[in-house]
Amino acid sequence: MRDLADWKGCPAPKPVLIEGRYVIVEPYDRTKHLNALWNDAFGGMAINPLLRYFSQDDFSSIEDFDAWLSAVQQKSGWVTEVFREQASGKVVGMANYMRADPANGVVEVGGVAHGAAMARSPLSTEAHYLMARHVFEDLGYRRYEWKCHSENQASRTTATRLGFTFEGIFRQHMVSKRANRDTAWFSMIDREWPLIKAAFEHWLSPDNFERDGRQKQRLEDIRATLGAGEERR
């Protein structure tokens, strides 16, 4: 654990451009990204099944989506980052830095939406690696959170795969779509980051993929192997 005797907090997250091998993480720009997210990444009205566990009501149009994005940025302070595939230049998804607590060095990644083009590819893994690296290394945060509806098993599986630790269920945490939501909480912390980072970088290496794009080693297995090595030292 780091020495906090001279702790002065962290800067608040701001829109940031980060380039990876497979994906670019770039700040949301309404002119450039609204139509690309709605139509290309999320398939228009197909967005509602994709975002079924988000707390807002279903969207009836791109105008609703636009209004929601504007509200979470302006009223709730979300910093929306868009994922663009390097190879094609297409917008494929988004996530947000949210509920930042700079004084304590805590921030959440949320409002995560992966379009179909991100499935079965390195895109989502690298996007979340880049966002986490920025939080820990550029901004100096101590804790990075992931929260989701307790029934959202896909999100819970993704959080665990990426290296977040499950911390428990907050019962009756929210009213979502006029129903109760219990929330699953996950986190990764600064002292865990070096191992998580090493596993990400090993997994993302071109050497970890077959010619058809299949992974050779799972991210979880790489992290476990590296962790076992650390324990033996």
Side-chain angles (χ1 to χ4, degrees), residues 10-102 106-141 144-148 155 158-159 162 200 204:
C10 300
K14 295 180 179 178
V16 63
L17 173 67
I18 319 171
E19 288 207 35
R21 180 180 290 116
Y22 307 103
V23 71
I24 301 169
V25 177
E26 61 189 43
Y28 175 76
D29 179 304
R30 182 179 182 275
T31 301
K32 289 168 50 179
H33 297 131
L34 177 61
N35 280 287
L37 283 171
W38 178 263
N39 292 307
D40 301 338
F42 304 143
M45 294 303 295
I47 194 172
N48 289 320
L50 179 67
L51 305 188
R52 60 175 295 194
Y53 290 110
F54 280 33
S55 60
Q56 87 292 327
D57 290 336
D58 284 351
F59 303 116
S60 61
S61 65
I62 190 173
E63 288 77 19
D64 281 353
F65 180 59
D66 181 25
W68 171 75
L69 265 181
S70 295
V72 295
Q73 292 163 22
Q74 295 170 12
K75 297 179 182 179
S76 302
W78 292 19
V79 178
T80 303
E81 295 287 328
V82 173
F83 305 149
R84 184 184 298 277
E85 185 179 27
Q86 278 277 23
S88 68
K90 292 182 179 179
V91 169
V92 293
M94 69 177 190
N96 300 263
Y97 293 125
M98 54 192 287
R99 299 192 181 95
D101 179 1
V106 180
V107 67
E108 177 182 345
V109 58
V112 176
H114 298 163
M118 298 185 76
R120 295 177 295 281
S121 80
L123 298 176
S124 61
T125 301
E126 185 176 57
H128 287 288
Y129 159 65
L130 295 173
M131 290 189 72
R133 188 183 70 184
H134 177 62
V135 163
F136 287 117
E137 298 185 10
D138 299 332
L139 302 181
Y141 275 67
Y144 192 41
E145 298 179 334
W146 178 295
K147 304 186 186 86
C148 62
S155 182
T158 297
L162 293 174
F200 271 130
L204 288 164

Q.
Classify the ring geometry of F65 against F59: parallel below 30°, tilted from 30° to 60°, perpendicular beyond 60°.
A. perpendicular
Q.
Applying salt bridge (charged side-chain N to carboxylate O under 4.0 Å, His left out), can you list everything that pairs with D58, at least two apart in sequence or on another chain?
A. none
(Q) Working to the nearest 0.5 angstrom, can you tell me the gap between Y28 OH and S70 OG? (A) 6.0 Å
Q.
If I compare all heavy atoms of L130 with all of E19, which pair ends up nearest, and what's the gap?
A. CD1-C, 4.2 Å
(Q) For R21, I'd like to know if atom CZ has over 12 heavy atoms of other residues, nucleotides or ligands within 6.0 Å. (A) yes
(Q) I want to check something: taking the side chain as every heavy atom from C-beta on, are F42 and H114 in contact at a cut-off of under 4.5 Å? (A) no
Q. Do V91 and F83 have side-chain heavy atoms sitting under 4.5 Å apart?
A. no
Q: Kindly write out the residues that satisfy salt bridge (charged side-chain N to carboxylate O under 4.0 Å, His left out) with E63, not counting sequence neighbours, or none if the list is empty.
A: none
Q.
Please determine whether side chain to side chain contact (heavy atoms under 4.5 Å, CB included) holds for the pair V107 and D101, giving the CA-CA distance in whole Å, both sets of side-chain angles, and the decisive distance to 0.1 Å.
A. CA-CA 6 Å; V107 67; D101 179 1; over 6 Å; no
Q. Do H33 and W38 have ring centres separated by under 6.0 Å?
A. no
Q | Note, H134 side chain near L139 side chain (heavy atom, < 4.5 Å) | A | yes
Q. Ring centroid separation for Y141 and F136, is it under 6.0 angstrom?
A. no
(Q) So that I can tick it off, tell me whether R84 and E26 are bridged by a salt bridge, with the cut-off set at under 4.0 angstrom between side-chain N and carboxylate O. (A) yes
**Q.** Derivation of the side chain to side chain contact (heavy atoms under 4.5 Å, CB included) call for V112 and H128
**A.** CA-CA 10 Å; V112 176; H128 287 288; 3.8 Å; yes
(Q) Do E81 and P27 have side chains that approach each other closer than 4.5 Å (heavy atoms only, starting at C-beta)? (A) yes
Q.
Quick one, R30 with D66, criterion side chain to side chain contact (heavy atoms under 4.5 Å, CB included). Give me CA distance, side-chain angles, the key distance, then yes/no.
A. CA-CA 8 Å; R30 182 179 182 275; D66 181 25; 2.7 Å; yes
Q. Looking at A95 and V109, what are the two nearest heavy atoms and their distance?
A. CB-CG2, 4.1 Å
Q) Any donor-acceptor pair under 3.5 Å linking the side chain of D29 with the backbone of T31? A) yes
Q.
Using a 3.5 Å distance criterion without hydrogens, assess whether the side chain of N96 forms a donor-acceptor pair with backbone atoms of G111.
A. yes
Q: Using modelled atom types only, decide if a donor and an acceptor are shared between the side chain of E126 and the backbone of V23 within a distance under 3.5 Å.
A: yes
Q) Out of curiosity, D64 CG to L69 CG, how far, rounded to the nearest 0.5 Å? A) 11.5 Å
**Q.** Any V106 side-chain heavy atom under 4.5 Å of Y144 side chain
**A.** no
**Q.** Any I62 side-chain heavy atom under 4.5 Å of N35 side chain
**A.** yes
Q) Distance only, no hydrogens: is a donor on one side chain within 3.5 Å (strictly under) of an acceptor on the other, for S155 and W146? A) yes
Q: Verify, without hydrogens or angle tests, whether S121 (side chain) and M118 (backbone) share a donor-acceptor contact under 3.5 angstrom.
A: yes
(Q) For I24 and I18: C-alpha separation, side-chain torsions, deciding distance, then whether side chain to side chain contact (heavy atoms under 4.5 Å, CB included) applies. (A) CA-CA 6 Å; I24 301 169; I18 319 171; over 6 Å; no
Q: Count the heavy atoms of every other residue, nucleotide or ligand shown that sit under 6.0 Å from NZ of K90, and state whether that count exceeds 12.
A: no
Q. Is it true that W78 and Y97 have ring centroids separated by less than 6.0 Å?
A. no
(Q) Is there a side-chain contact between F200 and R133 in this structure, where contact means two heavy atoms from C-beta onward sitting under 4.5 Å apart? (A) no
